Amino acid sequence: MTAAYRHRGFVVGSALSAFAIIFTALALFEEPGLGIAHFFYLPVAAIALTGGVRRGVAAGLGASILFAIGVALNPDVPTGTQIMSMTTPIRLVTYTSMGALIGWFASRDRELVERLQILAERDFLTGLPNTRAFEAAIARRFQGSRPFALLLGDMDGLKRINDAKGHAEGNDALRRLADMLGSVLRPEDEVARVGGDEFAVITSLSGGEEAASFAARVETVLAGQGSSITFGWALYPADGQNALSLYRAADERLYARKLVRGGDRLGPSLYPVPA
């Protein structure tokens, strides 16, 4: 169903061509008992798959009109008032009902796929985009070819919270930090949780001093709200031309700043620095 929706232009065009072919065959070759009109169900179903209930009903209505015209044009099919008054309403009900039903199922299927897509790209604990979604965001930035900064942040003290108060309290601390990040960053910035205590941010900055100032400001604001995090950063294209090189450069700065600030590096590095 989702494949039909993704290629709906081709599917609708094929269905319209099928309508024309079936109508022509109905008008020229139909005879009692042959049943060419049954083939109208195929394009009705195809169109319903691409657009939901309304489009399915519209396709069924169009098929009913074509059926009535085709029967009226065919000299080999009886067109008495009684026959036409019986068959046309029956076709109308069956074509439109099938179109509506298939359209409803197609709409539900698309909704479920969209929900699954959101769940697949969301971190289950914080609700932020996960690593998969963040990699897609970086890829979009590369396609734009504009300078940007990648910030990697490591939550300070998570291990101590887990050891002293338990993992439930540590999870709460991560959720609070994620909520604070969302409120501190600008609407155009993109943030994700990319590890146990690791967060990543993409922001439209082009200079090292801008990135350092931005990281310091976010750290200060979060510290004032009771959460501590340390950031490292990398600039595109100055520090790398691909995601891996940017991650490594940001991770190096993050590790160095952790040491300078006297904090321990909690957890393994995402991208270990080569010796």
Side-chain angles (χ1 to χ4, degrees), residues 1-3 5-6 105-143 148-204 214-215 218-219 221-234 242-244 246-248 250-251 254-255 258 263-272:
M1 293 184 183
T2 53
Y5 183 75
R6 286 197 301 269
F105 276 112
S107 297
R108 291 289 297 168
D109 178 73
R110 285 195 297 275
E111 290 175 5
L112 291 174
V113 169
E114 290 172 359
R115 291 178 186 175
L116 289 173
Q117 183 73 21
I118 292 173
L119 291 175
E121 295 183 349
R122 289 284 167 178
D123 173 57
F124 73 96
L125 180 63
T126 63
L128 291 176
N130 58 18
T131 303
R132 175 183 177 183
F134 196 71
E135 289 175 350
I138 291 179
R140 290 194 298 270
R141 294 280 181 150
F142 285 140
Q143 292 174 355
F148 65 88
L150 167 68
L151 280 72
L152 284 184
D154 185 281
M155 182 179 177
D156 300 323
L158 179 61
K159 185 176 185 300
R160 290 192 294 273
I161 295 174
N162 288 335
D163 292 343
K165 300 182 179 181
H167 288 276
E169 184 64 28
N171 290 341
D172 288 340
L174 283 168
R175 280 191 284 265
R176 288 194 297 271
L177 178 57
D179 291 341
M180 293 175 190
L181 274 173
S183 63
V184 169
L185 298 174
R186 299 171 301 183
E188 64 269 21
D189 298 332
E190 299 180 80
V191 61
R193 184 186 179 207
V194 294
D197 55 0
E198 299 266 4
F199 295 84
V201 177
I202 300 176
T203 183
S204 299
F214 182 84
V218 174
E219 290 170 353
V221 172
L222 294 179
Q225 298 179 6
S227 292
S228 180
I229 188 171
T230 303
F231 280 104
W233 60 86
N242 55 61
L244 181 60
L246 291 179
Y247 271 114
R248 284 177 170 168
D251 201 51
L254 171 57
Y255 185 69
K258 280 277 194 179
D264 56 339
R265 175 70 173 177
L266 304 178
S269 170
L270 285 175
Y271 294 91

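Both backbone and side-chain heavy atoms feed into the values below; hydrogens, waters and symmetry mates do not. Note that the structure is predicted; figures quoted are calculated from it, not measured.
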**Message:** Between Phe214 and Val218, is there a side-chain heavy-atom distance shorter than 4.5 Å?
**Reply:** yes
**Message:** Could you report the tightest heavy-atom contact between Ala250 and Ala234, atom names first, then the distance?
**Reply:** N-CB, 3.7 Å
**Request:** Dump the intermediate steps for salt bridge (charged side-chain N to carboxylate O under 4.0 Å, His left out) on Arg140 and Glu135, then the final yes or no.
**Result:** CA-CA 9 Å; Arg140 290 194 298 270; Glu135 289 175 350; over 6 Å; no
**Request:** Look at the side chain of Arg110 and the backbone N and O of Val113, then say whether any donor-acceptor pair between them is shorter than 3.5 Å.
**Result:** no
**Message:** Once rounded to the nearest 0.5 Å, what's the spacing between atom CD of Glu198 and atom CG of Leu158?
**Reply:** 10.5 Å
**Request:** Start with the C-alpha gap between Arg141 and Glu188, add the side-chain angles, then the distance that decides, and say whether salt bridge (charged side-chain N to carboxylate O under 4.0 Å, His left out) holds.
**Result:** CA-CA 12 Å; Arg141 294 280 181 150; Glu188 64 269 21; over 6 Å; no
**Message:** Within this structure, what is the OG1-CG distance for the pair Thr131 and Asp123, rounded to the nearest 0.5 Å?
**Reply:** 8.5 Å
**Request:** Just do the side-chain hydrogen bond (donor to acceptor under 3.5 Å, both in side chains) check on Arg186 and Thr203 with the steps written out, would you?
**Result:** CA-CA 8 Å; Arg186 299 171 301 183; Thr203 183; 2.4 Å; yes
**Prompt:** Which heavy-atom pair separates Ala200 from Val194 by the least distance, and what is that distance?
**Reply:** CB-CG1, 4.0 Å
**Item:** Basic-acidic side-chain contact under 4.0 Å: Arg108, Glu114
**Value:** no
**Asked** Is Met180 close to Ser227 at the side-chain level, that is, under 4.5 Å between some pair of heavy atoms?
**Response** yes
**Request:** Output, in order, the C-alpha distance, side-chain angles, deciding distance and verdict of salt bridge (charged side-chain N to carboxylate O under 4.0 Å, His left out) for Arg175 and Asp179.
**Result:** CA-CA 6 Å; Arg175 280 191 284 265; Asp179 291 341; over 6 Å; no
**Asked** With Leu177, which of Asp172, Ile229, Thr126, Asp156 fulfils side-chain contact (heavy atoms from CB on, under 4.5 Å)?
**Response** Ile229
**Message:** Would you say that Arg122 contacts Pro129 through its side chain, given a criterion of any heavy-atom pair below 4.5 Å between the two side chains?
**Reply:** yes
**Message:** Would you say that Ile202 contacts Asp189 through its side chain, given a criterion of any heavy-atom pair below 4.5 Å between the two side chains?
**Reply:** no
**Complete:** Taken to the nearest 0.5 Å, the spacing of Asp197 CG from Asp154 CG works out to 4.0 Å
**Message:** To the closest 0.5 Å, what do you measure between CH2 (Trp233) and CG (Leu246)?
**Reply:** 14.5 Å
**Side chain proximity check, Phe231 to Leu152, heavy atoms < 4.5 angstrom** = no
**Centroid-centroid under 6.0 Å between Phe199 and Phe134 rings** = no
**Asked** What distance do Arg193 atom CZ and Asn130 atom CG have between them, rounded to the nearest 0.5 Å?
**Response** 10.0 Å
**Item:** Closest contact, heavy atoms only, Leu254 versus Gly153
**Value:** CD2-C, 4.5 Å
**Asked** Under the side-chain contact (heavy atoms from CB on, under 4.5 Å) criterion, do Asp251 and Tyr255 qualify, and how do the steps go?
**Response** CA-CA 6 Å; Asp251 201 51; Tyr255 185 69; 5.7 Å; no
**Prompt:** Where is the tightest heavy-atom contact between Ala178 and Leu128, given as atom of each residue plus distance?
**Reply:** CB-CD1, 3.6 Å
**Request:** Report the distance from atom CE of Met155 to atom CG of Leu181, rounding to the nearest 0.5 Å.
**Result:** 10.0 Å
